[in-house]
Engineer: 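Take a look at the following structure, please.
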Amino acid sequence: AGSASASTVKQVKLDRESELRIEVAYDSPLRLRLVTGTAEIFGTELPPQIWLNFPPRLKLAVFSWYGATIEMDGTTELDYTADETPMVSYVNVHAILEGRRNRAKATSSNDSDSSQGPRVIVVGPTDSGKSTLSRMLVSWAAKQGWKPTFVDLDIGQGSITIPGCIAATPIELPIDPVEGIPLDMPLVYFFGHTTPSNNVDLYKALVKELARMLERHFAGNAESRAAGMVINTMGWIEGIGYELLLHAIDTFNATVVLVLGQEKLWSMLKDVLKNKPNVDVVKLQKSGGVVSRNAKVRQKSRSHRIKEYFYGLVNDLSPHSNIANFGDLVVFRIGGGPQAPRSALPIGAEPAADPTRLVPVSINRDLLHVVLAVSFAKEPDEIISSNVAGFIYITDVDIQRKKITYLAPCAGELPSKYLIVGTLTWLET
Ligand code: ATP
């Protein structure tokens, strides 16, 4: 383990059903290619002979079902091969899901229940490999020509868009091992915080809204309906986190619950769902390759996601710096806000801040370094139920001239003047 020498090509032979686990160096990329045999990265097959360029810090596994030779060029934090993996159990789950998709497809689309493909939700503690398993399941399905919907409810370490959001996107091709999920046209709802405890009711409201939109889409699209969905969740599984898992299972009408790496959670879910015969609760082993991340690493990776949104994966995009007048933008915060003082309330009433109330936010220096979402709403009262077009980052607020400078991924006017602010900030480095 641990090759840390200068840029030299290293060959690795993979036996059948084994994987090469790699942590790319912190400050330099790694080139890798498949020389002989077949291999895949999290469900996506590697093209033969072509060098792939992996960015610094990425953690990945190159898995081979039948054996392969891999070449690496560059330095790694760590690399080793492992022949004990849960991949066979994962691909068995995939095979069962395939059967259900085929059955759904063969059913007349008038029958809404049996024409619905599997709705899979992946749950488990932090660092149990939920995102990775979700990714494999959608990539394997896409390889077979399905267009499953990938839903990410993880507002901390989601893989569809920036942190603080829940989102869904159809997966039409196996996910690119370098680029990840294409950011083309996901359906995104902005929560604005990286932990749901900031506003649990808002989180639930957005989950409901996302589910409602997908339900509508499935009703008119037999192909998506039969392919079903794979839902990735947060690693928070205690207390409110557990309650939110149940809420998601219920709201999306999940039919398969995959529990990674925790017996206790599996048995709790199995017990509460025992009255729902159409819901399977399946226990799966966590892969020994999953890399644990502490709070600092998670914070860093959130920061990277935001940077990637504006600058691209390898600094290949150039965001536009735009200037707007204070009067051109209308900023709202959702929930919280100043509560009515107790003295202003009827006797016996408790001061309560409506968690989904829109609170107007005045533009001032507090917005500096804040990431805001641009709503698709036409009117303020549509903001909570609207998905967002994208994000801007405030780089300057000039109080005297009443001008605000912001970074956006593209030039031109914003699709809406309605912006949502939460607690999401970013320090450009
Ligand atoms: P979270 O707690 O954020 O929800 P998670 O349970 O979704 O995390 P993943 O994101 O799937 O966990 O995995 C954590 C990290 O481990 C990722 O960087 C992923 O690329 C890496 N990883 C997963 N499986 C393997 C493997 N078999 N070999 C090497 N790295 C892996």
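Ligands are counted one by one from 1 in listed order, and the atoms in each one are counted from 1 as well.
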Engineer: Looking at Asp250 and Lys208, is there a salt bridge between them, counting it only when a charged N and a carboxylate O are closer than 4.0 Å?
Structural biologist: no
Engineer: Could you tell me whether Glu263 and Lys270 make a salt bridge, using a distance below 4.0 angstrom between a side-chain N and a carboxylate O?
Structural biologist: no
Engineer: Between Phe191 and Tyr203, what is the ring plane arrangement, given parallel below 30°, perpendicular above 60°, and tilted in between?
Structural biologist: perpendicular
Engineer: Less than 4.0 Å between atom 17 (C) of ligand 1 and some protein heavy atom, yes or no?
Structural biologist: no
Engineer: Any heavy atom of Glu23 sitting closer than 4.0 Å to ligand 1?
Structural biologist: no
Engineer: Go through ligand 1 atom by atom and flag the ones less than 4.0 Å from a non-hydrogen atom of Thr126.
Structural biologist: 2 (O)
Engineer: Enter the distance from Phe391:CZ to Ile162:CD1 here, rounded to the nearest 0.5 Å.
Structural biologist: 4.0 Å
Engineer: Heavy-atom pairs closer than 4.0 Å: do any link ligand 1 to the side chain of Met234, the backbone, both, or neither?
Structural biologist: neither
Engineer: Please state which protein non-hydrogen atom is closest to atom 2 (O) of ligand 1 and give its distance, to 0.1 Å?
Structural biologist: Asp127 N, 2.8 Å
Engineer: Under the rule for salt bridge (charged side-chain N to carboxylate O under 4.0 Å, His left out), what residues qualify as partners of Glu382, not counting sequence neighbours?
Structural biologist: none
Engineer: Who's closest to atom 10 (O) of ligand 1 heavy-atom-wise, of Lys59, Arg293, Gln157?
Structural biologist: Arg293
Engineer: Flag the pair Glu71 and Lys10 as a salt bridge only when some basic side-chain nitrogen lies within less than 4.0 angstrom of an acidic carboxylate oxygen.
Structural biologist: no
Engineer: Can you see whether Thr75 engages Ser28 through a side-chain donor-acceptor pair at a distance of less than 3.5 angstrom?
Structural biologist: yes
Engineer: In Å and rounded to the nearest 0.5 Å, what is the OG1 to CG distance from Thr233 to Asp152?
Structural biologist: 8.5 Å
Engineer: Can you list the atoms of ligand 1 that are under 4.0 Å from a heavy atom of Ser287?
Structural biologist: 27 (N)
Engineer: Using a strict cut-off of 4.0 Å, indicate which atoms of ligand 1 neighbour a heavy atom of Glu19.
Structural biologist: 26 (C), 27 (N), 28 (N)
Engineer: Backbone or side chain, does any N or O of Phe42 fall under 3.5 Å from an N or O of ligand 1?
Structural biologist: no
Engineer: Distance under 4.0 Å to a non-hydrogen atom of Ser128: what atoms of ligand 1 satisfy this?
Structural biologist: 6 (O)
Engineer: What residue and atom, counting heavy atoms only, is the protein's closest point to atom 30 (N) of ligand 1, and at what distance?
Structural biologist: Gly289 O, 3.2 Å
Engineer: Ligand 1 versus Lys130, non-hydrogen atoms closer than 4.0 Å: side chain, backbone, both, neither?
Structural biologist: both
Engineer: Considering the heavy atoms of Asp154, write down every atom of ligand 1 situated less than 4.0 Å from one of them.
Structural biologist: 3 (O), 4 (O)
Engineer: Would you indicate which of Ser131, Pro125, Gly129 comes nearest to atom 7 (O) of ligand 1 when only heavy atoms are counted?
Structural biologist: Ser131
Engineer: Judged by atom type as modelled, is there a donor-acceptor pair below 3.5 Å linking the side chain of Thr255 to the main-chain atoms of Arg119?
Structural biologist: yes
Engineer: Any side-chain donor paired with an acceptor under 3.5 Å for His369 and Thr425?
Structural biologist: no
Engineer: Is a side-chain N or O of Ser139 found less than 3.5 angstrom from the main chain of Ile175, in a donor-acceptor match?
Structural biologist: yes
Engineer: Any nitrogen or oxygen of Gly235, main chain or side chain, under 3.5 Å from a nitrogen or oxygen of ligand 1?
Structural biologist: no
Engineer: Just need the protein heavy atom nearest to atom 15 (C) of ligand 1, so name the residue and atom and give the distance.
Structural biologist: Val291 O, 3.7 Å
Engineer: Does the N or O separation between Asn232 and ligand 1 drop below 3.5 Å for any pair?
Structural biologist: no
Engineer: Please classify the Leu60 to ligand 1 contact at 4.0 Å (heavy-atom distances, strictly less than): side chain, backbone, both or neither.
Structural biologist: backbone
Engineer: Go through the side-chain N and O atoms of Arg16 and Tyr66 and say whether any donor and acceptor fall under 3.5 Å apart.
Structural biologist: no
Engineer: Check contact between Arg135 and ligand 1, using heavy atoms of the residue and a distance below 4.0 angstrom.
Structural biologist: no
Engineer: Identify the closest protein heavy atom to atom 19 (C) of ligand 1: which residue and atom is it, and at what distance?
Structural biologist: Thr132 OG1, 3.8 Å
